[in-house]
Amino acid sequence: MSDPTAGTVDGQDCAQLKGAQQLLCLVADPFSNTFHQIAVFSALGYSVGTMILITLAFSIMRPHNSVVYAPKLKYADDKHAPPRIGKGMFAWFWPVASIKEAELVEKVGLDAAVFLRFTKMCRNIFTLVTIVAIAILLPANVISSKKNVHGVVSHGFLTLSTPQYVAGPALWVHVVCAWAINIIVAFFLWRNYAAVTRLRRQYFESAEYLTALHSRTLMLTDISTASRTDEGILRLTDEVEQTSGLPRAAIARNVKELPELIEEHDQAVRELERVLAKYLKNPDSLPANRPTITPSKKYRKNNGGQKVDAIDYLTDRISELEMEIKHVRESIDKRNPMPFGFASYERIEDAHTVAYAAKKKHPHGTTIKMAPRPNDLIWKNLPLSKKDRNWKRFINNFWIAILTLIWIAPNALIGIFLSNLSNLANIWGGFKKEFHNHSTFWSIVQGIASPALTSLVYLILPIIFRRLSIHAGDTTKTSRERHVATKLYAFFVFNNLVVFSTFSVIFTFVQGVVLNPHHVGAWDAIKQGDFLLHLVYGLCQESPFWLTWLLQRNLGAAADLAQVLNLTWGWFNRTFMSPTPRQTIEWTAPPAIDYAVYYNYFLFYATVALCFVTVQPLVIPITAFYFAVDYWLKKYLLLYVLITKTESGGQYWRILFNRLVFATIFADFIIALILKSAGTWVMIGVMAPLPLLLIGFKLYCASTFDDQNEFYTRATLKDPEHLTDAGHKTRKNDRVGTKFGHPALYSKLITPMVHAKAQHVIAQVYRGRLNSENNMSTPMGYSDIAMDPMSRDVPGKTARFAPEQQKERNMFEVVPESHLDFGYFKDRTDFSEEHGGDGELYGRAQDLVSERSSTPRSFLGRDGGSPSSSRASSPGPEGDLGRQSPQEPRQMHPAYRDRSRQSSGGRGNLYSNGNESERDLLSAAQPVGTTENEQQYGLDRWRTGGTGYIGVPQGEETGYEAYRGGGR
């Protein structure tokens, strides 16, 4: 094909035009001159060289800074601790290289293992595509271009490697390569789909999953008013699928304004800590004036908006909030249910059977699915109705669409001026002389600075998208993160690829129509095929930008390994700011990996590479090199530095698969455009089956693997042996209502921390009581919360069993310098939830089935004792939850054999077969059977034998035996 822009402005270049015509010319062709080999080679040298230097610097600093470069080695329990590393400069290579995937799953979790598998898959895909691109596409483009273009000397290698001058039979090479690339991508997607399914099945069979309460618990949302009782939940699950066992149900209760009060309390505590840290920075020489603060508008009743003493005001606010929280907790009862609840089964098979049957059923409008981990729930969104949730989702999508449209203008300006400094020189006379006198230097600057600045601009976008998604109505953090990743990807593909790549083409076409001396109309130009020529030409001209941009991604991978941002930020705060003890402790904790952001970047890189594989084959080896390097570096980070904040069990895989299929189809569309501009319809006809085949491949994988990924089993078991044995056993202390109760009901309130160096002046600074009774008791008569207030100073013990001197707590928590380390606080919920997956990384799994302890695990260490035992080996699974096929007798899973002889007792009363703590839960509640609904039906309807419930007549025809069809 020929250069479609030649002679479009009467032979004049953009510098010779004036005013609007000059701007139009610049917009039309922003990549024509400056993106040449000097810029690409400078980006290559800068990126690879800097990456090597940063990696060497990391290797030197690593042995001397384990808090930054190996915090998991220091804090994780024995099960999750990564392999030990020597002090040698390159001692970290072998542990990272030798660890296998099975061990990775145990050490870092399934989410991290799937992340590494996806990175490795992209590396393998683009390694094979590199062979196709370099061995077939690149030679074909260069040879054909040399035959078709005149004045080869004036065209560089980067231009000849594109299909800009390729025409005729040579384009059949593009067709063959398109089929080869589609086959390669589909093969690796299928292979890894099967591998992820295998990992998920192993995850289902692991002791960690089999002993978790969420693995056999259902979450019900959008429950109608008539079914908002424990009994109503049982009726809903039974309407979906009758199983051999009955679940223990817990309808959620209205926690009123309690979450907002606790959040405000935490903010007030942190604000007081900041004020004290700054005021007590030098405790032996306090500032002359005490710190002041302007109260928020909500609390300006008595001072008219004037500043008040910050310490006294914040301390009073904290005390007021504590009393208000206590009052609200005590006012919560069982008579104000919410439209969601949970049902926990004796066996995992029963729960998954009901969840599978409920995939396409919504009894009375209720949605039933497997419950996530308790720490994965977004509690404030669970009470939302379908209407409210859909409205929030619509508003969120509306604002994202507005942001996408608004971003088009700055994105276009970035492409015109930031990506091509010659355009800036033509507009800015003062810069023009400097640009022409030092053109080589500015070419190097452009190859380095342009992609770097473009990347910095996009760092803020994930923050914006996450803040928008918080208000979108997602019920779990995992689903929110998946939606953030998908929306980020859609935004990047549309704005950073489609708009960025085509705006110059559109304006080129407009320029040709407006400035054409023959006044050819737009429709006539389109019919002549000029638009497609402009499109292909524009893609070829801007391809060097993507070369330099992808090269600099390697620099970002090395910066992640060296933890440059964390080191810089920590040094700046310790040197120039006054960090609080809490902030200092949190800085030493392992940081969490942001899967949504990383997956978006990986998917976007892969999409760019696939779309430009025939436009500029050199992008493929650069992308393969990036994934090869990043796989190695991210493997180290996930082993020794980064944690998964909320483990989903590998549930990100499906969105990755779907978007890679989309990227491949999009790439086929780009190849078809190239073929249409200079090829024949026969070529396009040969490529036409590819999108259809990929869609069929996606449907095949979904039908083959998705159910295995999602459900432990899909068949219910109703054998008589099970009914007479395990079917009548109940775990006394599953406490589904407690473990899946709202955290605001039982979470401990944080205490302001002050540095020990200021302990001797606290009495002078604080003008109030230095201690108060620890009487923040939890409410009575509510089954979703625990009763006994917990001791702040004796972890794992209730206040009534704590030593007498511990019954009072200090208003301030004094932290010595030697304890400003996460290791001293990793067993505390206020730290571990944000920096360790609810404490599981440190041996404090919060979701285990328990039969021994009478106190909820939400308050305790792993075994109900002190957290000092957290590094002990994990407790064995309890009960008999092993998977069983209908054809085989029930076998005990190996994970349970060490505790198989423990007895769980008879079925008993749902509320009265526990210990004293459980009986106290109902001491102030309304008696069972007193409401109209309960008198009519009675909880004995859900009995299958044994002792009836308190106050409920037995053996009536209207009981549950009749409702379920004559019993079993």
Side-chain angles (χ1 to χ4, degrees), residues 1-9 11 13 28-41 132-178 181 420 501-502 504-509 511-512 525-526 528-548 609 611-622 667-684 686-687:
M1 72 185 72
S2 61
D3 187 344
T5 64
T8 57
V9 199
D13 62 15
D29 191 12
F31 304 101
S32 58
N33 298 315
T34 309
F35 269 130
H36 46 65
Q37 298 181 30
I38 296 178
V40 173
F41 289 143
V132 175
I134 300 302
I136 303 176
L137 265 176
L138 186 61
N141 285 349
V142 173
I143 294 172
S144 180
S145 296
K146 287 183 177 181
K147 291 180 179 180
N148 297 330
V149 74
H150 300 288
V152 176
V153 179
S154 62
H155 295 277
F157 178 76
L158 293 180
T159 301
L160 297 177
S161 62
T162 68
Q164 181 174 337
Y165 301 105
V166 177
L171 288 173
W172 279 106
V173 176
H174 291 245
V175 177
V176 174
C177 289
I181 292 170
N420 195 338
S501 300
T502 60
S504 62
V505 178
I506 295 173
F507 279 102
T508 300
F509 181 74
Q511 178 202 36
I526 293 176
Q528 294 173 7
D530 290 344
F531 182 77
L532 288 180
L533 290 176
H534 282 289
L535 178 58
V536 175
Y537 177 79
L539 292 175
C540 295
Q541 289 298 305
E542 71 180 33
S543 60
F545 171 80
W546 295 110
L547 285 175
T548 58
C611 289
F612 279 84
V613 61
T614 56
V615 176
Q616 178 51 269
L618 293 177
V619 301
I620 300 300
I622 294 175
D668 292 338
F669 177 73
I670 300 297
I671 298 174
L673 289 178
I674 296 174
L675 297 177
K676 178 61 179 67
S677 64
T680 64
W681 282 105
V682 176
M683 297 177 182
I684 296 177
V686 174
M687 282 197 59

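The first residue in the sequence is number 1, and the count goes up from there.
Val166 approaches Ala678 most closely through the heavy-atom pair O-CB, 3.8 Å. Here the shortest heavy-atom pairing between Ala140 and Val173 reads CB-CG1, 3.9 Å. Between Ala178 and Met687, the shortest heavy-atom distance links the atoms CB-CE, 3.8 Å. Minimum heavy-atom separation, Val619 to Phe612: CG2-O, 3.7 Å. The two residues Cys540 and Pro163 make their nearest non-hydrogen contact at SG-CD, 3.9 Å.
The shortest distance between side-chain heavy atoms of Ile620 and Ile134 does not fall below 4.5 Å.
Residue Asp668 holds its CG atom at 9.5 Å from OG1 of Thr614, rounded to the nearest 0.5 Å. Within the model, atoms CD1 of Ile622 and CG of Leu547 stand 4.5 Å from one another, a figure rounded to the nearest 0.5 Å. Going from atom SG of Cys177 over to atom CD1 of Ile671 covers 8.0 Å, rounded to the nearest 0.5 Å. Atom CG of Leu618 and atom OG1 of Thr162 lie 10.0 Å apart (nearest 0.5 Å). Remark: Gln616 CD to Ser161 OG distance equals 3.5 Å, nearest 0.5 Å. Here the straight-line distance linking atom NE2 of His174 with atom CD1 of Ile136 works out to 11.5 Å at 0.5 Å rounding.
Distance alone, capped at 3.5 Å, is enough to place a donor-acceptor pair between the Ser677 side chain and the Ile674 backbone. Side-chain atoms of Ser145 come within 3.5 Å of backbone N or O of Asn141 as a donor-acceptor pair.
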